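Data block below; observations after.
One is the number of the first residue; the rest follow in order along the sequence. Keep in mind the model is a prediction, meaning the values are calculated, not measured. Whatever order the structure lists them in is the order used to number ligands and atoms, beginning at 1.
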Amino acid sequence: MSEPTSAIIVIGSNIQKERNIPEAVRLLRRAPGVIVDRVSRIFESPSVDGPPDAPDFFNAAVLLHTDLDIDELRAVAHSVEDELGRVRTADPNAPRTADVDVVYYGEMAEDREGKPIPDPGALEAAHVALPIADVAPEWIHPVDGRTTLEIAEQIDNDGVRPIMAIHLSSPYSPRRPDDFDDVSDVYAPRLEALIRQQLIELGEDPDREGLDRTPLRVAKALDYLTSGYSTSVEEVVNDAIFDAEGAEEMVLLRDIEFYSMCEHHMLPFFGTAAIAYLPKGKIIGLSKIARVLDVFARRLQVQERLTNQVAGALEDILDPHGVAVVLEGRHLCMMMRGVQKQESAMITSAMRGTFKDNPRTRSEFLELIRD
Ligand code: ZN
């Protein structure tokens with residue numbers, strides 16, 4: 001144990017990186033003696049030294065303070081790597097689930113057991129320097145004397161770029177952020193600050209008991225409710241498409257719950273969906289249909305577009321004879337503001353292919369989804 005010291009850790013991953021980066025941050029947050037102050041955006045960087053087909057890396061920097069000494073902090077970093085299943089090999093360019101490296105430790109500048117602090121990557125590697133400048137631009141390199149921002153501005157950026165849309169609480173993470181009250185100290189500092197400001201604008205006292213952790217909770221909730229931005233149909237469907245020669249009968253899933261937020265008021269709308277397709281040699285796992293719906297529902301939406309996007313995505317991945325999507329939604333922006341009758345539901349539909357062209361197919365579908 002020692003005096004509280006600020007430190008910067010950089011995380012890198014090119015295996016299941018969408019999961020491993022957020023999970024590494026979460027594990028750091030939970031480590032005893034470590035308080036995470038801020039997390040950078042996630043940066044994507046081409047694999048520089050590996051084989052030509054090596055997957056790109058994601059990198060993120062974490063600013064923290066700790067009463068652990070440097071060796072104890074490095075042990076924490078190692079344990080996070082271990083927990084994420086990293087197998088250390090002699091090949092430094094082998095794909096890895098997570099690299100977790102202490103790059104800066106206060107103003108320390110020394111070679112500790114053959115591993116210098118600061119890590120040389122702070123000056124030499126864009127995938128280290130850029131995330132650090134994002135999370136701690138004023139931090140001064142104790143030997144070089146420049147700020148991390150100056151270093152980042154002067155380094156060859158090697159194609160490293162921030163990916164704004166990656167969220168740190170993807171619902172497809174191995175452990176979902178089920179409990180928004182499971183508070184850590186800081187989650188999304190810029191968003192939290194904005195929500196705090198919003199409370200003030202509303203005439204509230206953000207420091208009163210009951211509200212003091214609200215910005216954190218709202219940030220987590222919003223992050224989750226908009227997590228569709230951080231995933232894609234390809235990722236969700238993955239390998240769940242099967243060849244099914246001769247399967248020509250309608251596949252229908254109905255009463256699928258969905259929850260979304262209207263883009264005009266950022267208030268929820270929610271309801272049920274019925275989704276059908278007529279296969280042409282390819283079928284998809286049933287549970288995946290609901291997840292495709294979620295990819296588009298967990299964004300700011302209008303119901304018409306949501307309906308069309310789901311239909312379009314199924315057309316793209318299955319190339320079926322036809323697709324039909326019907327959504328029935330209740331919109332809190334109408335219900336709570338008394339704009340319309342509170343019980344009113346909005347129904348939207350998208351009919352493609354056979355469902356559009358053949359009235360018999362369409363009426364068979366409509367018959368099947370009728371209560
Ligand atoms: Zn609305």
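- Taking backbone and side chain together, His264 holds no N, O or S atom under 2.8 Å from the Zn ion (ligand 1).
- Nearest to the Zn ion (ligand 1), among the N, O or S atoms that His265 has, is ND1.
- An angle of 110° is found at the Zn ion (ligand 1) between Cys333 atom SG and Cys262 atom SG, rounded to 10°.
- In summary, His331 places no N/O/S atom under 2.8 Å from the Zn ion (ligand 1), failing the contact criterion.
- Ring-plane geometry between Phe258 and Phe269 is classed as perpendicular, the angle between the planes exceeding 60 degrees on a 0 to 90 degree scale with a lower cut at 30.
- Between Pro215 and Pro206 there is no side-chain heavy-atom pair separated by less than 4.5 Å.
- Aromatic pair His141/Tyr104: centroids less than 6.0 angstrom apart.
- Remark: aromatic rings of Phe355 and Phe365 are close, center separation under 6.0 Å.
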